[in-house]
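Convention: sequence-line order gives letters A, B, ...; per-chain numbering from 1. None of the values given here were measured: they were computed from a predicted structure.
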Amino acid sequence: MSRRGLPSNIRFYNICIHAFGKWRRLDMSLKLFAAMKTASPPLVPDICTHNSLIRALVVGARVADALVVYDEMKSFGIEPDVFTYRAIVDGCCKSFRMDDALRLFQEMRGSYGVKGDVVVYNSLLDGLFKAKKLDEACGFFETMVADGIQCSASTHNTVIDGLFKNGRAEAACRLFYDLRRKGQLLDGIAYSIMVREFCKEGKGDQVAEAVELMKEMEERGFAVDLVTVTSLLIGFNKSRRWDLEEQIVKFIRDSSVLPDAIRWKSNMMSALQGPQDREKDGTSIFPFDGNIDDVMSLVNPVVCTGANEETPKDEPKDDWCLSPHLDHLAKHADHLNSSAIFTIDRGQRVQGMGAKTFDADMVNTYMSIFLAKGKLSVACKLFEIFTTLGRKGTSYTYNSLMTSFVKKGYLKQVWAILHERGGQLCPNDIATYNLIIQGLGQMGKAEVAGSIISELSKKGVYMDIVMYNTLINQLGKAGKVDEANSLLEQIIGRGIKPDVVTFNTLININAKAGRLKEADKYLRKMIAEGIAPNYATETILVFLDKEIEKKRQQPR
DNA sequence: TTGAGAACAG
């Protein structure tokens with residue numbers, strides 16, 4: 001085939017680079033970038049090209065590279081615009097680089113005089129809340145208003161969620177009910193957040209309240225979607241309020257949730273298909289009428305068979321090299337995809353397929369999918385929820401799942417990771433990865449988990465607090481309490497705020513190791529940080545008290 | 001640009 005059919009204009013390349021970035025094919029985006037050089041006539045990357053590449057790097061969890069490209073782009077005289085900032089600020093926030101994010105934000109307002117839009121502001125706001133910088137987040141919200149930015153529903157959702165997750169439940173509720181009363185800028189996601197909160201503790205009356213909210217959602221025309229239903233199911237499970245089950249089953253049966261559930265299933269299915277089907281992913285949804293093969297040939301050029309009316313081979317190249325760093329990345333494009341173990345985004349959504357019933361068959365499907373992905377605890381939870389929901393006929397039992405699948409499912413993934421064969425199994429979900437780390441711990445391989453994490457951290461892969469908490473716990477259980485303790489500084493050094501679980505874990509492992517002074521130190525530190533204890537803290541403190549008492553009774 | 005599902009005790 002020839003490359004003749006391909007449009008050789010910048011817009012075409014930009015759209016392709018953008019699309020491949022979205023599909024997590026950073027390698028393709030970079031190859032297309034490199035191919036612009038050899039196009040005939042050669043194309044000079046513009047602001048859109050750079051924006052698309054920065055976004056692709058961010059999606060591929062290469063935020064550090066994105067920052068370099070951003071700097072280079074400026075130094076070549078291309079002025080960043082609001083899309084640049086949307087991408088790069090979002091990337092920094094999602095990887096806890098809040099200092100970078102704020103610096104870029106100031107740069108945007110200052111030297112480049114770009115008027116940021118509500119998206120950029122929301123991104124920063126969310127980042128601050130997620131980094132547990134409550135005061136700064138509230139301050140930033142004021143800045144936003146002062147800058148004359150019109151709040152959106154997402155802004156409010158971000159604030160409501162952020163307040164809840166930073167221990168300000170009353171404030172969050174006040175905001176929600178206020179907005180509800182005024183009937184403005186409130187969408188289904190706000191309801192979903194409220195439902196989650198009501199279900200979280202598993203207190204019966206609160207869960208009942210959540211059901212009422214769900215009904216109101218429905219009445220107002222907001223979709224009661226799978227996320228909301230999942231929260232509710234978990235609430236039912238915790239509270240044992242299966243009397244409420246009737247209502248939700250009804251909703252599942254005849255509301256808009258069903259298509260969502262199916263979409264979720266097909267999403268998981270396609271995630272399971274494995275890397276060998278990735279090429280196909282590109283073909284089936286490629287948005288052009290043109291032939292995908294033409295694009296592929298552009299990426300992996302083949303010798304033209306037909307007449308050679310256009311031979312750009314001796315064209316003077318490299319005169320326009322606007323980004324040495326991008327060139328460098330493009331040369332190693334193949335390597336890039338496998339090294340990005342997981343990405344910044346959460347699970348990707350895939351379009352739904354035909355209608356099916358929400359029955360035992362589907363339950364089994366869910367189970368096998370989660371088990372195959374190594375999500376054992378999710379599988380167990382779902383199993384519990386669905387069986388209690390009353391659909392008869394799953395032949396699985398809790399215990400046999402535990403024993404038979406953990407080893408098979410888990411070890412396979414652990415093996416793949418250990419051998420750095422990202423291609424074999426590519427968990428691009430951080431929760432999956434956390435489960436692998438957890439599995440390693442159960443196998444008594446805390447050091448392996450530790451070295452994997454430090455390896456990842458060297459590569460600049462972003463890690464969240466859950467992953468650190470898991471590792472701290474494992475090191476503690478393996479008797480490496482000093483190493484565990486030292487992780488706290490590492491966490492803080494990365495701009496991540498330790499949370500209640502971090503401190504619970506630290507107190508617990510130190511107490512268990514007989515280091516009562518250390519345990520006490522962490523308890524004080526937790527209080528000093530203004531972190532509220534939770535139900536687990538209580539149990540741990542009871543243990544700590546007993547240990548202290550023991551020590552007192554047998555002095556020396 | 002926002003919401004679940006992963007981590008701490010027993």
Side-chain angles (χ1 to χ4, degrees), chain A residues 85-87 89-90 93-94 116-127 129-130 149 151-162 164-165 186-197 199-200 217 222-235 260 264 268 342 345-347 366 369-370 373-382 385 427 429-439 441 463-474 476-477 498-509 511-512 526 533-544:
Chain A
Y85 287 108
R86 278 187 188 179
V89 168
D90 184 47
C93 289
K94 291 253 164 55
D117 65 354
V118 66
V119 176
V120 178
Y121 280 79
N122 285 351
S123 220
L124 256 166
L125 192 60
D126 188 52
F129 275 121
K130 295 249 160 71
I149 301 290
C151 289
S152 63
S154 313
T155 315
H156 290 137
N157 296 341
T158 303
V159 175
I160 292 172
D161 179 64
F164 271 126
K165 295 208 169 131
L186 200 59
D187 63 8
I189 293 191
Y191 275 88
S192 187
I193 294 167
M194 295 304 290
V195 166
R196 177 196 71 198
E197 288 301 312
C199 289
K200 203 173 66 179
M217 265 175 97
F222 300 133
V224 180
D225 64 1
L226 190 66
V227 174
T228 318
V229 169
T230 305
S231 290
L232 283 162
L233 290 173
I234 287 159
D260 253 346
W264 198 42
M268 288 301 183
F342 45 72
D345 288 5
R346 271 196 284 173
Y366 273 117
I369 289 166
F370 280 115
K373 277 181 77 92
K375 293 196 169 206
L376 183 72
S377 51
V378 180
C380 291
K381 202 170 263 172
L382 272 171
I385 290 168
D429 178 0
I430 193 163
T432 309
Y433 211 83
N434 283 340
L435 280 164
I436 292 168
I437 301 287
Q438 198 197 351
M463 280 169 295
D464 67 354
I465 189 68
V466 175
M467 188 176 272
Y468 276 112
N469 290 345
T470 310
L471 183 60
I472 289 174
N473 188 38
Q474 284 170 7
K477 289 210 170 126
D499 65 2
V500 60
V501 177
T502 318
F503 282 106
N504 283 350
T505 311
L506 283 167
I507 295 167
N508 183 47
I509 61 172
K512 290 260 160 71
M526 175 167 133
N534 67 2
Y535 45 95
T537 320
E538 231 171 278
T539 321
I540 293 165
L541 288 186
V542 168
F543 176 81
L544 179 60

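- When the C1' atom of dT1(B) is taken as reference, atom CD1 of Ile193(A) falls 12 Å away, rounded to whole Å.
- Every side chain to side chain contact (heavy atoms under 4.5 Å, CB included) that Leu544(A) has, sequence neighbours left out, goes to Ile507(A), Ala511(A), Leu516(A), Ala519(A), Leu541(A), Ile548(A).
- OP1 or OP2 of dA4(B) has at least one side-chain nitrogen or oxygen of Lys165(A) nearer than 4.0 Å.
- For dC8(B), one of the phosphate oxygens OP1 or OP2 lies less than 4.0 angstrom from a side-chain nitrogen or oxygen of Asn473(A).
- Rounded to whole Å, atom P of dT1(B) lies 16 Å from atom CG of Asp161(A).
- Between Lys200(A) and dG5(B) there is no side-chain N or O to OP1 or OP2 distance below 4.0 Å.
- Of all nucleotides listed (dC8(B), dA9(B), dT1(B)), dT1(B) comes nearest to the side chain of Ser123(A).
- Ion pairing of Lys94(A) with Asp126(A) is absent here, as no side-chain N (NZ or NE/NH1/NH2) approaches a carboxylate O to less than 4.0 Å.
- With rounding to whole Å, Ile149(A) atom CD1 is found 18 Å from dT2(B) atom P.
- Lys130(A) has a side-chain polar atom (N or O) that falls below the 4.0 Å cut-off from OP1 or OP2 of dG3(B).
- In this structure, Ile509(A) atom CD1 and dC8(B) atom P are separated by 12 Å, rounded to whole Å.
- The side chain of Ser192(A) approaches dG3(B) more closely than any other nucleotide in the set dT1(B), dC8(B), dG3(B).
- Of all nucleotides listed (dT1(B), dG10(B), dA4(B)), dG10(B) comes nearest to the side chain of Lys512(A).
- Partners of Tyr121(A) under the ring pair (Phe, Tyr, Trp, His ring centres under 6.0 Å) rule, at least two apart in sequence or in another chain, are Phe105(A), Phe140(A).
- Separating the CG atom of Leu541(A) from the P atom of dC8(B) is a distance of 17 Å, rounded to the nearest angstrom.
- Nucleic acid contact class of Ser154(A) (heavy atoms, under 4.0 Å, all strands): base.
- Ile540(A) comes within 4.0 angstrom of sugar-phosphate atoms only, judged by non-hydrogen atoms across all strands, and of no base.
- The closest side-chain donor-acceptor pair between Asp499(A) and Asn469(A) falls under 3.5 angstrom.
- When each of dG3(B), dA9(B), dT1(B) is scored by its nearest atom to the side-chain atoms of Thr228(A), the top-ranked nucleotide is dG3(B).
- Distances shorter than 4.0 Å separate none of the side-chain N or O atoms of Asn469(A) from OP1 or OP2 on dC8(B).
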Step by step, work out the side chain to side chain contact (heavy atoms under 4.5 Å, CB included) result for Ile189(A) and Phe222(A). CA-CA 9 Å; Ile189(A) 293 191; Phe222(A) 300 133; over 6 Å; no
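- Atom CG of Leu506(A) and atom P of dA9(B) are 12 Å apart (whole Å).
- The interatomic distance linking Asp499(A) (CG) with dA6(B) (P) rounds to 14 Å, in whole Å.
- For dA4(B), one of the phosphate oxygens OP1 or OP2 lies less than 4.0 angstrom from a side-chain nitrogen or oxygen of Arg196(A).
- Atoms OH (Tyr191(A)) and C1' (dT2(B)) sit 16 Å apart, rounded to a whole Å.
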